[in-house]
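Chain letters run A, B, ... following the sequence lines, proteins first, then strands; residues in each count from 1. All values below were derived from every heavy atom in this structure, side-chain atoms included, with hydrogens, water molecules and symmetry-related copies excluded.
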Amino acid sequence: MNHYLYDGTPEGLVSAIAAILDSGDDPEAAHLAVRQDTLFEEGLFLRTDSAAAEALFARLRERAPDAVQTLWYFTMAETSELETSLLRYIALAFEHGDRVNGYLTHGDVKAVVATARKAGRELHRMKGLLRFEQLRDGTWLARMEPDHNVIQPLARHFSRRLRAQEWFIYDARRHSAAHWDGHALSFGTLEQFSRPELSPEEQEVQQLWQTFFKTIAIPERKNPRLQQSNMPAKYWKYLTEKQGE
Amino acid sequence: MELQEKITILSGAARYDASCASSGSNREGSAGGTGNTSQGGICHSWADDGRCISLLKILLSNDCRYDCAYCVNRSSNPVPRASFTAREVVDLTMEFYRRNYIEGLFLSSAVNVSPDHTMEEMVRVAEMLRNEERFGGYIHLKIIPGSSPELVRRAGLAADRISVNIELPSSESLQRLAPQKKKEAILAPMKLIGAEAGVSLVERRKSRKAPRFAPAGQSTQMIIGASPETDLQILQLSQGLYRKMNLKRVYYSAFVPVNEDNRLPVLSAPPLLREHRLYQADWLLRFYGFSPEEILSDDAPNLDESFDPKTAWALRHPEFFPVEINRADYAALLRVPGIGVVSAKRIIAARRFAPVTHEGMKKIGVVMKRAKYFITCSGRPFDKIDQQPARLRQRLLLGEGSEPKQPRQLVLPGLG
Ligand code: SF4
């Protein structure tokens, strides 16, 4: 078993995988992990090489576009446990093309695909659960704290959907933000954040929504457990209809 | 009347409507406009009854001229009445959409003044949204039976989906329980919608600029258990609607007695399990290649309460099993109880690499609880499983529970 280490960044991960694949080493007999800088650590440290990471992405896109999508979602999970699985998954993707995603009886493929699916599910969920509030200056703000780092694809979704209004999405867990100015998207970080004042009509519209939310449920069929399993309580913090519960 | 109060009355009156999915349309928004639709549909919240909220589901008015036996809003009932103006519905939709509360609007209505009067207002809502607000989100309009073809046409041009409720599974029942609604008034717009949608598809193949007509198709809804039809009759009707009328969905609503009326049966509870079984059987018609006559027969015209329809079919057809996981084609895999569309596709994808074992079945996420009685993997049956058909029924019933799942939805008689 050959041990390899990388610096813990997504880019470092992809470029380390590129280096191992290029070395001709058997991926099934290689092990890849984040460098911890402890005394007892063993392994060859692979320096991050952006060009190599880019090149791997490009080659994989040719060979297996679905696998690139999976890889992208996998990185949104920000996990630092499954590097070796990812290495083997990518090796298999080069070998089999997009069919690799069907190879779920392979433990590493299954782990990578399951991680990516989970990220994809949260992205899909946030497309529904994100709530925009109108600020005093007429712009809009949505706040969230998702488990996965979904802000980029999420912002892209809303740049198509809510393109007639200027908005911000703020990820309070990662202090990152997306901004749509009506024409273009930009991303950045915000170290200091406090919510600006809301527009005068905002309260009223929120109340209308709360009323609708309450009345649309069938009273004889209250089912808080089903509601929570579909909409876990961790998302309620920013849900207009769940305020004051 | 305050807007808050109107919402309470008019969304309260709409909450029993089943057909609230927002999927099946793919509308790119226009530059500078607001909204698009997404193919798969998005849930924006889940109500206190656990159901997905995707659309602003509301009635334009509950002030009804008609007196259908099964409906809360019938004219002879003393309930509070309210009506929105078209402008109010447009504003509400836009305000909600901008905040990402909803995918769009699902507008229905009672028959206020006349079918055409009501339909005209509903169409105006959709047209204002599209033309004045440049709204690209999802719109579903209910067609009021008896409205003029011209209004139906306009509705189809503005909405993603339109639907006409068939209300009851036979014209005799319609005659008895909803005498003001005529069978022809329901079927005529259905046919018109089918024809217009077909023409639009052909035109759009020639030119992308040709107008789209209800791109997410048409659906309908009927009440189950308020009239004497058997499940076989109901499924045959649905099959006809799918095949001949090209409907996208048929929704079933368990009858909930809200009115005292001697034309209505007396039920201790709404037939929710029956509704659930019908949805399962309907699913088999649409995605699994079953015919109504395979699921039911004249001797046994009603769905089994203890078993889902696919398991019931499997129990009647021991000669079809066991199915060999590594050889069976897609259609045969789908016939195995416990193997759905996703599982069948995963099995086919995985067995390209290596034969799938029982362990492998679990790895790819197939639930084996029921499937294990009906399959072999490379000739091997599941551990110590007794595939004697005679004992299967009992095992499935008593064994690792074939308890019917909690019925998913309660649905009250149709509105509009
Ligand atoms: S079903 Fe429709 S038409 Fe009949 S009474 Fe109710 S609201 Fe009126």
Side-chain angles (χ1 to χ4, degrees), chain A residues 92 96 99-107 109-110 114 124-125 127-134 140 142 157-158 160-165 167 182 201-202 204-231 239-242, chain B residues 3-4 7-9 11-12 14-16 28-29 31-36 38 40 42-54 56-58 92 95-101 103 134 136-137 256 345-346 348-354 356-357 359-361 363-365 406 409-410 412:
Chain A
L92 287 167
H96 299 289
R99 287 191 309 159
V100 68
N101 281 358
Y103 196 179
L104 293 176
T105 45
H106 191 293
V109 174
K110 159 120 190 186
H124 183 75
R125 207 173 227 168
K127 287 180 184 174
L129 294 181
L130 199 70
R131 296 285 177 265
F132 287 87
E133 298 179 294
Q134 191 177 37
W140 301 77
H157 167 79
F158 284 105
R160 290 186 290 267
R161 174 158 290 204
L162 300 179
R163 62 197 170 286
Q165 65 202 61
W167 50 252
E201 311 86 63
E202 184 58 28
E204 197 187 319
V205 178
Q206 292 196 5
Q207 266 166 23
L208 291 171
W209 172 242
Q210 284 157 354
T211 303
F212 175 78
F213 179 77
K214 280 278 158 251
T215 33
I216 202 67
I218 297 172
E220 305 82 29
R221 302 275 295 169
K222 282 234 153 61
N223 193 343
R225 270 189 43 217
L226 181 58
Q227 182 188 41
Q228 261 215 48
S229 81
N230 284 321
M231 188 165 70
L239 281 177
T240 312
E241 59 272 33
K242 280 291 180 185
Chain B
L3 212 48
Q4 292 278 4
I7 288 193
T8 308
I9 294 172
S11 70
R15 69 179 158 226
Y16 298 101
E28 276 300 318
T34 287
N36 57 358
S38 71
I42 295 177
C43 285
H44 286 253
S45 193
W46 281 267
D48 291 340
D49 54 15
R51 292 188 307 167
C52 156
I53 299 178
S54 166
L56 169 59
K57 181 160 70 165
I58 208 142
L92 213 47
E95 293 297 353
F96 282 8
Y97 196 87
R98 288 194 186 102
R99 287 165 178 79
N100 201 40
Y101 299 161
E103 283 297 286
R134 304 175 69 192
V256 179
K345 285 193 176 141
R346 285 192 188 165
I348 288 175
R351 72 187 186 191
R352 287 204 188 108
F353 294 90
V356 177
T357 60
E359 261 315 292
M361 290 285 278
K363 265 202 189 134
I364 62 182
Q406 266 292 92
Q409 46 195 166
L410 171 112
L412 198 83

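N223(A) places none of its side-chain heavy atoms less than 4.5 Å from the side chain of D48(B). Side-chain contact between F353(B) and H106(A): absent, with no pair of heavy atoms (C-beta onward) separated by less than 4.5 Å. No side-chain heavy atom of R352(B) sits less than 4.5 Å from a side-chain heavy atom of H96(A).
Annotation: maximal heavy-atom pairing with chain A below 4.5 Å, among A354(B), A349(B), A47(B), occurs at A47(B). Comparing A350(B), G360(B), G35(B) by how many heavy-atom pairs each has under 4.5 Å with chain A, the most go to G35(B). Ranked by non-hydrogen atom pairs under 4.5 Å with chain B, the options R225(A), R160(A), R99(A) are led by R99(A). With respect to chain A, the highest number of heavy-atom pairs below 4.5 Å among E359(B), R346(B), E95(B), R98(B) belongs to R98(B). Ranked by heavy-atom pairs under 4.5 Å with chain B, the first of L129(A), L208(A), T105(A) is L208(A). Your options are N101(A), L239(A), L130(A), and the one with the most heavy-atom pairs under 4.5 Å with chain B is L130(A). Note on S229(A), P219(A), G182(A): by heavy-atom pairs under 4.5 Å with chain B, the leading option is P219(A).
Contact of E133(A) with chain B is not made at all, since no heavy-atom distance falls under 4.5 Å. Of the atoms belonging to E202(A), heavy atoms from both backbone and side chain fall under 4.5 Å from chain B. With a 4.5 Å cut-off on non-hydrogen atoms, L92(B) touches chain A through its side chain but not through its backbone. Using a 4.5 Å cut-off between heavy atoms, K110(A) touches chain B through its side chain atoms alone.
Using cut-offs of 30° and 60° for the angle between ring planes, the W209(A) and Y101(B) rings count as parallel.
For the 3.5 Å distance criterion, the side chains of Q4(B) and T211(A) qualify, holding a donor opposite an acceptor.
One finds no salt bridge joining E103(B) and K127(A) here, because no Lys/Arg side-chain nitrogen approaches an Asp/Glu carboxylate oxygen to under 4.0 Å.
Here the CZ-CD distance, from F96(B) to Q206(A), works out to 10.5 Å after rounding to the nearest 0.5 Å.
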Worked verdict on F158(A) versus F132(A) for ring pair (Phe, Tyr, Trp, His ring centres under 6.0 Å)
CA-CA 11 Å; F158(A) 284 105; F132(A) 287 87; 5.2 Å; yes
